[in-house]
Amino acid sequence: MPQNALKALYLTTAVAVCASAAHAQAVDMDALVAAAKAEGTLTTIALPHDWCNYGAVIEGFKAKYGIEVNELNPNAGSGDEIEAIKANKDNTGPQAPDVIDVGLSFGPAAKAEGLIQPYKVSTWDTIPDSAKDAEGYWYGDYYGVLAMAVNKDVVTDATPTSFADLKDPKYASMVAIPGDPRTGNSSMMSVYAMGLANGGKGGAEAASAGIAFLKDMKASGNFVDVGGSAQNFAQGTTPVMMDWDYNILAMRDKLAGNPPMEVVIPSDGVIAGVYVQAISAYAPHPNAAKLWMEYLYSDEGQLGWLSGYCHPIRFNDMVDRGVIPADMMAKLPPADSYAKAIFPTLEEQGAAKQVVADTWATEMGTN
Amino acid sequence: MTLDVSAKPADLPLRPRRSPIAAGWTWLGVVPFLAFTFLFLIGPVLYLMVGAFQNAEGGFTLDNIIALGSPDIVASFSLSIRLSLVSALMGTIAGLVLAHAVILGGLSPWVRSAFATFSGVASNFAGVPLAFAFIATLGRLGLVTVLLRDLFGINLYSSGFNLFSFYGLSLVYLYFQLPLMFLIIAPALDGLRKEWREAAESLGASRRQYWQMVGLPVLSPTILGCFLLLFANAFGTLATVYALMGSGFDVVPVVLFQQIRGNVLYNPNLGYALALGMVVIMGVSNTLYLILRNRAERWQK
Amino acid sequence: MKKPVPYAAIAIALIGASYFVVPLLATFYFSLKMTRGELGFAAYASVFRSADFAATIVYSTIASLAAIAIGTLVIVPTAYWVRLKVPRLRPLMEFISLLPLIVPPVVLVFGYIRMFGSSSVLPLTASTFGTDILLVLGYVVLSMPYMYRAIDNGLSVIDIATLTEAAESLGASRFRTIVLVIFPNVRAAIISGAFLTFSISLGEFVLASLLNRPAFGPYLVQLGQDRAYEPAALAIMSFAFTWGCMALMQLFAIRKPGQRWFSRSTPRTATGSSA
């Protein structure tokens, strides 16, 4: 793109951003679509196709607006996404991400480092206040609860229904978490959920109780310290594994009964985890990024996530308006499991992470 | 032609002394390589070095370096060094034995080709596929474990074997260390001339004496170099450990990964400091190797 | 007199072969179990049906071959020069050549983006071809430890000082010496290094993914997400493909100039012809 045109675009975008930050409702969709199409590409990062059915969501966006989507590193963690923004500050090539989808605690951190820019989508008001930044820098996109996948080929008798069940000796060498709680959000939340189930009240207490629970399980031989993945699950090494419900349900679809799997939401500790969206402050295609947000937070985008078993952030609003198809609702686990879901706050998550960071190595004897 | 035996040594033409400028030109020969590595290796690494001394806001700090002395991190480094030493030792010995058997053992030439090409592939077969291959073979429900139990009545895990342990991991590491050793030592084994063997035998040396006094001394600088390469290779391995050991094995690359990648922990500057520590360890082991190699190469001078 | 059967060598070769083959067999066996209750190639069919398989593997093969060529051209003359003329630099060279093993690739690629980003002096990332070049050079750097060590070992067993003197006394320039004398003599070492470079570059993930190039590594990861049987099938297929490429490379490399591809069906009769 010629330098002058680029500068002009940035200038108009800056004006538009100021305007839109002031008036959340007054988003001129036609102008935005035109500007986004002029940019022609959107660069995303860390969006695996089978995570919340991002594959279909991206295809839907491409089909609706005819904009190319450049997908970087689907395996990236939240930290990788932040690093990618930092590394590409001066780079407007296709390696620079426009939009990020990170864990809840990374939203405020990215805002503090000046890595993201504010934008309020047209459906801003229907996003719960607890899941968004008041100034519009980051906003929750979807949530899920922690669930258990049970390989019925290996676990031939009763399926566990709660974390307490897992202590039973008949589950020896069977229980696994997705990976290292110091690296992966879902593993960290597994520990948190186990802690809550064992009487710990939120925050640091839940983390300590969870680590104590896992330490007991390791001593009794029930815990197998191998990362729970679809492959290890099917092969039989991690027949009872924790992960977000949307990942487990997607895995059940993919495995198609080979092996037969049951999905269980533990009755004694239901933890919900929220992820947030943000636009990079250095995005090479800011208008395409904003259009992407508009799409994601429209009913169409939110239903796209729901088809991947993720609960979109505007779920309650959409249920109230009756826009969710009945068959999609039927495919989700029963709603009363979600009624008891606890949403850890930012402070609680931070405290829990600190406890895990400080004590996991010594408690679990990793070195 | 008569030989003038009265000519004094001073009258003989002197060898032209090298001018200092000409000596300087020899350094030019390595400029392309140095330029290439500076642009594409050292340059990016310098970012890392600088980052090790910065905090999250970009200011100068020694906190990260001091954090390297904490007991957890020291334990990580110790674990990494032990694992790399064991793995390099296993790889060096096994690779040497296999290479000798295949190349010098009197087998058909196609055997060597098969092993050489296979080694090329296997030397990079690491990470999740390798970990899974071993889980599927020697895990609790692995093919070999089940076969041993059903056909021979041997219960592998109750006899103390555990794939998910220090030595189990070393066994998995061997899968890419052995082929690496094989490929890298092969050219050196080719250089062991048959004439030396025949000369030794004609002087009455047994096979063991030949190896002890001729073969191994000739090869020792190369073997040391390979050992160092295997050590560094094992030291930097991340994906395989992570895929096999889950959260239970805190080698330095894993700790680094936690800090840089972080969904939970996130202190990239500490990660850079860890990388700096790794570079220092490589420097130290490289120096050790040089000292040993100089001693081994003495006879060649 | 018939050569004695080398029992020890055969036993060692068999043990080595089984250590290598059994885990692959286990993976292969698992990959056949995709259809419940029977063994079949459903996982392989699923992989072939995915659109990007052919495109990405071709891209990565070309990038790997380019990396081999550039790596050889950079390293062989340098290793030769250092051994011959400036042996005091050997420790520095070896240290540099080992660095890529411990620098995490993610740090390397972020360094590249900062140094060669679109607003830098050498904006390689601004164009597709520039990024391709950056990727190939990244592969050269990643495989440098192996390439350098293999070639250095190869050079250590030939007497390069004598060869160089002989060539120069016959009137060859430095350049001709390197090309016509040194290269052919370290061919086996170059092949070892080439094998290692190829296999590293083919499945490499971090550089290709963060530089956003359509290589085989990111494709492997993308397909392996949340699936159980396809990754095993892919592992076997890429193993077989890489092995095949190496066998081809080996064939090209061992052949001497003028040698026939296949041996003659009838042996030449030994006629006396004066040279």
Side-chain angles (χ1 to χ4, degrees), chain B residues 26-27 29-30 32-33 36-37 40-41 43-45 47-48 97-98 101-102 105-107 111 113 116-118 120-125 129 132-134 136-137 142-144 175 180 183-188 190-191 222 225-226 229 232-233 235-236 253 256 260 275 278-279 282-283 286 290, chain C residues 3 6 8-10 12-13 16 20 22-24 26-27 29-30 74 78 81-82 85-86 89 91 94-96 98-104 106-108 111-112 114-115 137-138 141 145-146 149-150 153-154 156-157 188-189 192 195-196 198-200 203 231-232 235 239 242-243 246-247 250:
Chain B
T26 57
W27 292 77
V30 293
F33 179 78
F36 174 81
T37 51
F40 296 102
L41 173 62
V45 172
Y47 271 112
L48 182 155
V97 167
L98 184 65
V102 168
L107 298 173
V111 175
S113 289
T117 45
F118 186 90
V121 196
S123 62
N124 201 43
F125 189 64
F132 180 74
F134 269 88
T137 311
L143 194 65
V144 170
Y175 204 88
L180 186 60
L183 278 179
I184 307 257
I185 201 98
D190 282 336
T222 342
C226 292
L229 180 67
N233 200 25
F235 204 86
L256 210 161
I260 293 191
M278 285 168 80
V279 173
M282 282 324 302
N286 209 38
L290 285 171
Chain C
K3 277 173 58 175
I10 292 180
I12 293 175
F20 283 132
V22 170
L24 286 176
T27 309
Y29 178 66
F30 182 74
V74 168
T78 309
W81 194 255
V82 166
K85 290 289 180 192
V86 270
L89 277 187
E94 290 179 351
F95 180 71
I96 292 178
L98 284 176
L99 273 180
L101 283 174
I102 45 171
V103 176
V106 68
V107 171
L108 202 67
Y112 284 172
R114 285 186 177 102
M115 282 176 72
L137 292 175
V141 167
Y146 313 105
R149 180 59 58 197
N153 281 0
S156 69
V157 292
S192 286
F195 282 177
L196 294 165
F198 189 82
S199 71
I200 289 172
F239 208 99
T242 317
W243 200 0
M246 294 200 175
Q250 175 100 313

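Quick caveat: nothing in here was measured; it's all calculated off a predicted structure. A note on names: the letters A, B, ... follow the listed sequences, proteins ahead of strands, and every chain is numbered from 1.
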Practice task
Report the option among B:A122, B:G236, B:A232 that has the most heavy-atom pairs separated by less than 4.5 Å from atoms of chain C.
Solution key: B:A232
Practice task
Could you grab the distance from atom OH of C:Y146 to atom CG of B:L229, nearest 0.5 Å is fine?
Solution key: 6.5 Å
Fill in the blank from the handout: Scored by heavy-atom pairs under 4.5 Å with chain C, the best of B:L180, B:V102, B:V144, B:V111 is B:L180
Handout entry: Separation between CG of C:L196 and CG of B:L183, rounded to the nearest 0.5 Å
Key = 5.0 Å
Exercise for the section: Calculate, to the nearest 0.5 Å, the distance between atoms CZ and CH2 belonging to B:F33 and C:W81 respectively. Expected result: 15.5 Å
Completion exercise
Closest non-hydrogen atoms of C:A26 and B:A136, given as atom of the first, atom of the second and distance, are CB-O, 3.6 Å
Handout entry: Per-residue contact mode, C:P104 against chain B (heavy atom under 4.5 angstrom)
Key = side chain
Practice task
Give, as side chain, backbone, both or neither, the part of B:N233 having an atom under 4.5 angstrom from any heavy atom of chain C.
Solution key: both
Handout entry: chain B contacts, top residue of C:G138, C:A8, C:G203, C:G111 (heavy-atom pairs, under 4.5 Å)
Key = C:G111
Problem - Main-chain N/O of C:W243 paired to B:T117 side chain as donor or acceptor, under 3.5 Å - result: no
Fill in the blank from the handout: To the nearest 0.5 Å, atom CZ of B:F118 lies from atom CZ of C:F239 at 3.5 Å
Completion exercise
Assert top hit (heavy-atom pairs under 4.5 Å, partner chain C, pool B:D190, B:V30, B:I185) equals B:V30
Problem - Donor-acceptor pair, side chain of C:S192 and main chain of B:I184, under 3.5 angstrom - result: no
Practice task
Please examine the side chains of B:T37 and C:V141, heavy atoms only from C-beta on, and report whether any two atoms are closer than 4.5 Å.
Solution key: no
Practice task
Could you check which of B:A186, B:C226, B:G142, B:G283 has the highest count of heavy-atom pairs closer than 4.5 Å to chain C?
Solution key: B:G283
Completion exercise
Comparing B:A275, B:P32, B:A116 against chain C, the one with the most heavy-atom pairs below 4.5 Å turns out to be B:A116
Problem - Mutual orientation of the aromatic rings belonging to C:Y112 and B:F40 [parallel < 30°, tilted 30-60°, perpendicular > 60°] - result: perpendicular
Practice task
Grab the two heavy atoms, one from B:M282 and one from C:L98, that are nearest each other, plus how far apart they are.
Solution key: CE-CD1, 4.3 Å
Handout entry: Shortest non-hydrogen contact between C:P23 and B:Y175, atoms and distance
Key = CG-CE1, 4.0 Å
Practice task
Check whether any side-chain N or O of C:N153 sits under 3.5 Å from a backbone N or O of B:P187 as a donor-acceptor pair, and report yes or no.
Solution key: no
Practice task
Find out whether B:P129 and C:T27 are in side-chain contact, i.e. whether some heavy atom of one side chain is under 4.5 Å from a heavy atom of the other.
Solution key: no
Fill in the blank from the handout: When the 4.5 angstrom heavy-atom criterion is applied to C:Y29 and chain B, the contacting part is side chain
Practice task
Decide yes or no for B:V45 and C:V107: does some side-chain heavy atom of the first lie under 4.5 Å from some side-chain heavy atom of the second?
Solution key: no
Problem - Which atoms of B:F36 approach chain C - backbone, side chain, both or neither, heavy atom under 4.5 Å - result: side chain
Exercise for the section: For B:V121 and C:T242, work out which heavy atoms get closest and say how close. Expected result: CG1-CB, 3.8 Å
Practice task
Heavy-atom pairs under 4.5 Å with chain B are the metric here; pick the option from C:L108, C:V82, C:V86 that has the most.
Solution key: C:L108
Exercise for the section: Please examine the side chains of B:N124 and C:F195, heavy atoms only from C-beta on, and report whether any two atoms are closer than 4.5 Å. Expected result: no
Completion exercise
Under 4.5 Å to a heavy atom of chain B? For C:F30 that would be side chain
Exercise for the section: State, with a plain yes or no, whether a side-chain heavy atom of C:V22 is found less than 4.5 Å away from one of B:L143. Expected result: no
Exercise for the section: Below 4.5 Å from any heavy atom of chain B, which atoms of C:L89 appear? Answer side chain, backbone, both or neither. Expected result: side chain
Handout entry: Atom of B:F125, atom of C:A235 and distance for their closest heavy-atom approach
Key = CE1-CB, 4.4 Å
Practice task
List the atom of C:S199, the atom of B:G120, and the distance in Å for their closest heavy-atom pair.
Solution key: OG-O, 2.9 Å
